[in-house]
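What follows is a single structure, written as structure tokens, with notes after it.
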Amino acid sequence: MRMYGRLGAFCKAVGTGTFCLQQKSCAVSRQIHLFLEVFKPKIIMFAPPMHHQGRLYGPPPNRFPSNREPGPGPNNVVSRVSCGDLRECHVGMEVELCGRVQYQRVGRFLTLRDQYGMIQVVAPDDRPDIGRRLANMPLDSFVSVRGWVYPRPPGQRNVRMSTGGVEVIIKEFRMVQPGKKLPETVSKTKSTKSTDPKTIPTHNRLTSEEFAKCESPSVTSRFARRTHTCGDLTVDTIGHEVHLCGWVELKRLGRFLTLRDGYGAAQLVAPNNRPDISRQISNLRLDTIVTVRGLVCARPPGQKNVRMPTGAIEVSVTELEIVDPNEKIEPVLSEPSKDVSMQIREFSTSSDAASESINSPRVLPDPNKFTQRSHTCGELRDIHVGQEVRLCGWIEYQRMAKFVTLRDAYGSTQLVVPDDRKDIIQQLESIPFESIVAASGVVCSRPPAQENENMSTGSVEVVLKEFKVVNPAKKYLPFIIRDFNKAKEPVRLKYRYLDLRFPEMQHNLRLRSKFLMKMREYLSNHCDFVEVETPTLFRRTPGGAHEFVVPSRLAGQFYSLVQSPQQLKQLLMIGGIDRYFQIARCYRDEGARPDRQPEFTQLDIELSFTDRDGIFHLIEGLLEHCWPEKLGKVVTPFPRMTYAEVMEQYGTDKPDVRFEMKLQDVTDLVKGPEAPILENLKELPTFTARAILVSKGSVQLTTAIKNKYEDLAKKQFPSTRLLLSKVSTIEDWEKNLNKTFSSEVVTALREKLNPEPFDLIMLSVGDKDEVLKLLGKLRVDYVEYLESKGVNHHRTAVFNFLWVVDFPMFFPGEKPGSVETAHHPFTQPHPDDVYVLQKDPLKARSLHYDLVLNGCEIGGGSIRIHDPALQLFVLKDVLQIDPAPLQHLLDALHSGCPPHGGIALGIDRLIALLCGTDNIRDVIAFPKTLEGKDLMSGAPAPITEEEKARYHIQTLESAPMEEDTENKVETAQ
């Protein structure tokens, strides 16, 4: 009996300590009768309650509407409150509520909602008139209720509602404004769905739960700008574009996300063709406030969640953004454009739309201008149903000579052949995949249960009227454009024109194009830089990387392909072009490396009258402006560390600071009695001992990995010894380590490193330079190995920038007593080390700086030497380079050279990081192999004897080159 429980709870709250409800029905009847006789006056005269210091009795907070004044009453005080404010401390109060009907069940219970929360109201058993009105109440009706606050019966509390411990027993009830009640006969198929998003109620009001999540007005404004709440999404909203705001409640498999707000929860899913959104979902933390744009879709059969009100649908995400509490509040967004096609093109083709001024209208790109098509294959939606369209593209699939999937650079669309078009059916029976066709027809909705949620156009299809084969492909291509069966990279590079058709390659190259365009926009329009094109054929620069040599028709005279426009941009500074930039093509004849290409692209920047801080602020602002919004915001200023600090802590000058595992100095601890591992090493003048503690890392350390690391130390770092020590238990670890070190050393290491069971300790001793580089390499390699095994080692997937400064000006050269530049011979020495340069050049620091992103060097630059005497000293006396090839630069420095500096950003590496690929060839249209070959064209290729004679070249084909001979010897060994 529900009233029995409610009356008992109410009596207990009133304070009738002697009153007790018995379990037997007869005792219950007698006790209730006795209670009503004795305490009836007390119940009637219960109001007004005792004064409570909460906000319900004091002046209302500023967020309350001004019309919320205490209601009039003959004797009792009736408080007008919001639905989200009631708690157990308010039991016994008579209150008045206003709100909209959110739920209704069994004709007695109603859930009212206003902008501050929800509350359950209950019809009394003795008021069947109120019960009948509740049963027939349309949802979303605006009602006014007066009643008493009661505690909910035991076991019936709703822990998911802030007001879930209480309910309001209705005393008076009236409907202010009825809601719209849909007829039961309305069909829920696709054909009856409204395509106007304004037909769905927009909820800009915040619940109390949402209000508690809002850390700042900027977060509040994001909730206010949503078009739907999570609780609004039903099967009737399928096909609608929605804008949601809420917090992350659950995520799984890197694709699925449960978003919750004050009105409910909804499942979000990342499309298969949007790996960038999958990465964002993987990187999100629980309770993070996000805004989402996407398309409401039906869940696949068998995957509905009957425990969720929104369990029949999910939202396919097109945009996802983390809400920044410190973001400036933007003006209210204007109404969306009437051209829905343009909005769809924006979502499907742009990787990151540039932010435009609010005052100036934004012109969306139209990929159909100047072409013979009316739409792209990726933009058709339900809004286009009934329109006649013309498409062009490649045949991706074909089945039963009736269904064709047509693909272009923007997506795919299904074409359907009518049964009476035998001519088209005959064409399809013999046409190969990847043939170019032009088709026109009428857009129609797909039949129920035949929608393809993996396609952005999966809810529609085009019924063909015309079909023309423009250019048939050959029957057997080297490989088919299929994600599940990709060819190996050499085959893909040989037939690169086919490989470029993959959606990943399309996405990468378009993102690269937009990123470079934003760089130009920022430097030209915001910073007044001048883009200047410099020569590619130039003179060799001494003291730098190996350069490609280009013969000329003058006997014995050669050009060099510039490894960078270094000299040229310095000459521009001297010539008065004080703010220069260029998207420069550069060339270096270096060995094979996964992140290098013989020809590459860099953003080259130089400006006069600047210093190191000026360069840093410029690059931070540039990246902040160009950074894709879907990857989060760039946090500026970037942290800075000196070269000495990163080498001591991370063992490399390009550290990955997304995880800890820093190197620890244990040199003084191991310098005890002789140990086998220290044999012939302690006498080194640069002896050191460093250790890395890998938390819970011993479980995955196999014998193969251990042997691999030990071989690496012996071959590449011969002046070191490596010890990999597992910690199964502290006692066993100390016992094993006593075989190598004395007990005093083991005790000191335990106190210093503080290991725990299942940890791994990497200890290396020997030459300092080699020890640091060895452990720096193992630090990153072992974390990548752990992550490949599914072990989360707390390496975040966010983008961490780092400036590395104060590099040494010189390093020891290959020849004894020689030195070589750490950057290039035009780098300015550190002002504090100018006097050191003449005494000991190897101890001098320079104004060279590198920009590191997630363990990859993406940029490097320096403040340049503008003093001709100092430049001549560095070239002639320190590096012992003949200054004659650089006489033009020395003469220019004598002509009045302003102080200047610059930087170059590696575009290929940077775009590869943005696209989430480790291979820079995935972001270059026509790359070379590791050996520098172009498999598609066969370059480099031999030339004719006539061409050799023209350029005065003779080739020695009989004798192999010295480098090739050395490679063959190494291979034989």
With sequence neighbours excluded, what pairs up with R299 under the side chain to side chain donor-acceptor pair (under 3.5 Å) test? none
Can you name the residues that form a salt bridge (Lys or Arg N to Asp or Glu O under 4.0 Å) with E504, not counting sequence neighbours? K486
By side chain to side chain contact (heavy atoms under 4.5 Å, CB included) - contacts of A265 (at least two apart): E249, T258, R260, M308
Contacts of K304 that satisfy salt bridge (Lys or Arg N to Asp or Glu O under 4.0 Å) - sequence neighbours left out: none
Residue set satisfying salt bridge (Lys or Arg N to Asp or Glu O under 4.0 Å) with E624, at least two apart, ordered chain then number -> none
Do the side chain of R222 and the main chain of V219 share a donor and acceptor less than 3.5 angstrom apart? no
Does the ring center of H228 lie less than 6.0 Å from the ring center of H243? no
Kindly compute the distance separating CZ (R512) from NE2 (H507), expressed to the nearest 0.5 Å. 14.0 Å
For T288, what residues pass the side chain to side chain donor-acceptor pair (under 3.5 Å) criterion, not counting sequence neighbours? none
Residues passing the side chain to side chain contact (heavy atoms under 4.5 Å, CB included) test with N273, sequence neighbours excluded, are P271
Set of residues satisfying side chain to side chain contact (heavy atoms under 4.5 Å, CB included) with respect to R255, sequence neighbours excluded: V269, N272, S278
Please identify each residue that fulfils side chain to side chain donor-acceptor pair (under 3.5 Å) with Q267, with sequence neighbours left out. R252, E314
Sequence neighbours excluded, which residues qualify as ring pair (Phe, Tyr, Trp, His ring centres under 6.0 Å) partners of F801? W627, F638
Which residues pass the side chain to side chain donor-acceptor pair (under 3.5 Å) test with Q280, sequence neighbours left out? none
I'd like to know if the side chain of D114 pairs up with that of S82 as donor and acceptor (distance under 3.5 Å, no hydrogens or angles considered). no
Holding to side chain to side chain contact (heavy atoms under 4.5 Å, CB included), I want the full list of residues that pass it with R482, two or more places apart in sequence or in another chain. E396, Y397, F433, I480, F484
